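So that the names make sense, note that chain A is the first sequence line, chain B the second, and so on, each numbered from 1. Predicted model only: the values in this text are computed from it and were never measured.
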Amino acid sequence: MKAVQQTITVSLTAAGELQRMVWAGRAYPVQGVLDQWRYGGRWWLGEAPRTCYLVQAGELIAELHHEDGGKIWWLARLVD
Amino acid sequence: MQRPLSTLLTCQSYFSEGRSTVSPRRLVKLATARGYGAVGLADWCSVAGAVELCEAAGEAQLKAVIGVTLPVRFPAPPRSKEAHETFPLVLLAKDREGYARLCELITQVHLSPLDGLPLERVQAAASHGDHLACLTGGRAGFPTVLGERREIARATAYLRTLRQSFPFDLYLQLFHGAAPNERRRLEYLRGLARDLELPTVAAPEVNMGAQDEYPLLDALTCARLGIDVQVPHAERPRNDARHVGTPDDWGALLPFPDALLNAQQLADTCALDLRPKRLHAPEPKLRVFQTPQEALEERAFAALPLRYLPDARPAAQTRLQQELATVGTLEMAGFFLTAAEVTDYCREHGILAAGRGSAAGSVLCYLLGITLSDPIKHNLLFERFLHTGRASMPDVDIDIASSRRDQVLSWVEARWGGEGTGEAMVANKITYRLPSAVQDLGRALGLPPELRDRLSRALGRDYRHSRPHRAREAVVVFAEVLGEAPVKEALLSLLEKIEPGFVRHLAPHSGGVVLSASPLTHYSPLTRSSGGIRMLTFDKDDVEKLGLIKLDLLGLRMLAALERAREEVMRLTGQWVEYGDLPDDPAVWERIASGDTLAIFQIESPAQVQMTARLQPKNMTQLAHQIALVRPGPIQSGTVHPYVRRARGEEAVPDLPEPLRTILAPTHGTLMFQEQILRIAVHYAGYSWPDADRFRSRLSKTEDAAELDELKNSFTAGAALTTGAFPWEAEEMFATCAAFRGYGFAESHAHAFAQHAYSSAWMRQHHPAAYLAAFLTEAPGLWPPATVSHEARRWGVSYGFRLITV
């Protein structure tokens, strides 16, 4: 896995499922969610728990997350 | 179609000490609100929450499942570094016998120096019959851990070993911790079960009430592990997944119909209510073919003419017959005979002992010699002590001369201890207060010890006893010590999330001893306190609900002083002072009324001296009132000043409606005693005696505003129906009762203490030298010896030093 930690744009379907991610000026359709988990976060620094997704988006296998309540999505890591 | 999970089998409560944020009662409340049909508790090496779970589940009409999570030592493969490796197993009791097996296993863990229970012990417990079900554990269970290590053959071998002990009751536990690779892990566990032809069960690990308690769970875990939040540790929770959730959510996370069905079936099979339908008394010594009730009646009626003069005898006999009928209905004769056996032992060995508390309201206790004051003479209420609706043992507290208490405890252990499991101390639930919570959670947040100590000290008298959830009220103190550092806010928000009454740990009770005819491990695990005292893992309330007999054998220094003084009088004069039968001496009362009360039991503090001078008690009732008056309950409920003014004739007693007028007449229209709350609940609000007892108990303990509202509503509704009281009148009366809370005396207790106060004053009056010597030796008072000896010169006692050459 390669750490990226950049903000990206993610669009969702009407049902709230991941549809597409845009990273480095390129759009990647999300073909499937491979795994999903919760990360507790460093609560003592004010971080909120968040849901993380491992998705197959085009040729990428990417780990995404967004912070609870926020609309900002992060691309955390990519599978090499 | 998605199936919901109908039951939570493996919840943990705060009795797991640092592994959960929730009480059994709140678990039940949340489970009821979310629509679960059963709640199972599988605390870490503990069933201390079982009684609370059964009670709360009974009230909510939910099924309760009692289990435990035990660390079990499995044999490691050959050539491993260690001979054993410890993994948790969850055992659920299928019936009462299974519960007893759990208690025995937990006792073995507590009393063993090993870090876990040898697997053979679990196998032995399982071999006694079909009483236990075994789940393989959650995230730390061996199938998961060994699967992650790719030691599947070893996991398989362990499962085969366990299957021999639990041929029809071994379940592969499926859980969901919202961790990475959870789906693969579940597939692996199901595959393992399929290969070995074992059933699976959906049993999520639940340690929190709600998701937002994750920081608290993490901080408590860190406090337990002795690390701060910066240090990673495998046992720390990863996220907020382990909360109660909804049946549909868990059903979606564990969508396996067989596992969901098995959870339901296990809940049906293992549903258990520990609370007995009758009480269990230890075996008293009886003649052949004699029943305990016959023995009790024989002894009580024999004592009647000795204790009561002919003119008082008919009333005493009527009352005795009523009490004996109640005792007979509750089948509690053995309890009274046992308590009498203890006081008999004390009497036979010259040990000064006297019952206190609500037992002093019983004629039967008086006739058996358990208590020293006559309840009829002081109009004391029997129902505060015992009534036919009571399913728990009454309180019998026996004060024993502190210098001889160990002797009595040794005898009790020898008499009922049997093979070492028939006698043990009850536990005290030590709950979080602000200073202790600051210490634990502050350490988890990395606050250095000096800063934590400074903060604890700064909380001072104002906030020392506050519950952590009210920490914001002390925000000024936090700001003073921590400034505006971010840790202040983190600490305050953690403290606010601690449930009121959150149990931190268990410690031995000061004097509550439980006696049982059968081994106590049938009811509770046994453990040793850090001081080596053998104790149960239930507190006095739980023990009563389990139907066990509890005697409070409390050491009282004043009794030791009185006993020593009596011996001294006997040695010097040959005269025996019978404390239960002292003459009423006007000179003694005159001296008390003048405020000359130094070295007198209970009335020597500056507040009591001042009160004595104002009230000038002239008899035992007035003295009992005075002792009860300077207490937090009467002070908080605004009783003190009205009582004093009315007792001194400076203010008229207000014209209260009946039945309040009659109930409050002895205390000049003020609320002073717990018995008065009971009488008000019965005669004013229309409660039955059992309901009134529950009302008083809940009113004194609850810290929940919603519960207080509920009590108020039922009280005002009852008062309107019974006496036609207007809501505002009833609410005013309720507010007075609520302000009184748990910090007041039972009237019977006040009379028992008044008896000791009078005895000490009488001895000081008639045998000042002997009393002074005993008082200085036993030091029961609050003044330093120099003050007492200086004061003694006024009594006409002078003393000197004698050089003893050894």
- Note on the structure: Max heavy-atom pairs within cutoff under 4.5 Å with chain A, candidates A219(B), P180(B), A490(B), A178(B), goes to P180(B)

- Would you find more than 12 non-hydrogen atoms of other residues, nucleotides or ligands less than 6.0 Å from R472(B) atom CZ? yes

- Query: A179(B) versus chain A, heavy atoms under 4.5 Å apart: side chain, backbone, both or neither?
  - Reply: backbone

- Query: What part of Q211(B) is in contact with chain A, defined as an atom under 4.5 angstrom from a non-hydrogen atom: side chain, backbone, both or neither?
  - Reply: side chain

- Message: Using only atom types and a distance under 3.5 Å, with no angle test, would you say the side chain of D35(A) pairs donor to acceptor with the backbone of N181(B)?
- Response: yes

- More than 12 heavy atoms of other residues, nucleotides or ligands under 6.0 Å from CZ of R34(B): is that the case? yes

- Query: Side chain, backbone, both or neither: which part of L34(A) has a non-hydrogen atom closer than 4.5 Å to chain B?
  - Reply: backbone

- Crowded around R150(B) CZ? As in, over 12 foreign heavy atoms under 6.0 Å? no

- Message: Tell me the closest heavy-atom pair linking G41(A) and Y214(B), and the distance in Å.
- Response: O-OH, 3.9 Å

- Query: Under 3.5 Å, side chain of N239(B) to main-chain N/O of G40(A), donor-acceptor pair present?
  - Reply: no

- Separation of L216(B) CG from W43(A) CH2 (nearest 0.5 Å): 8.5 Å

- Contacting region of L491(B) [heavy-atom separation from chain A under 4.5 Å]: neither

- Item | Residue R20(A) excluded, over 12 heavy atoms near CZ under 6.0 Å | no

- Task: With rounding to the nearest 0.5 Å, note down the distance linking CG in D240(B) to CZ in R50(A).
- Result: 12.0 Å

- Query: When rounded to the nearest 0.5 angstrom, what is the spacing between CD in Q230(B) and CH2 in W44(A)?
  - Reply: 6.0 Å

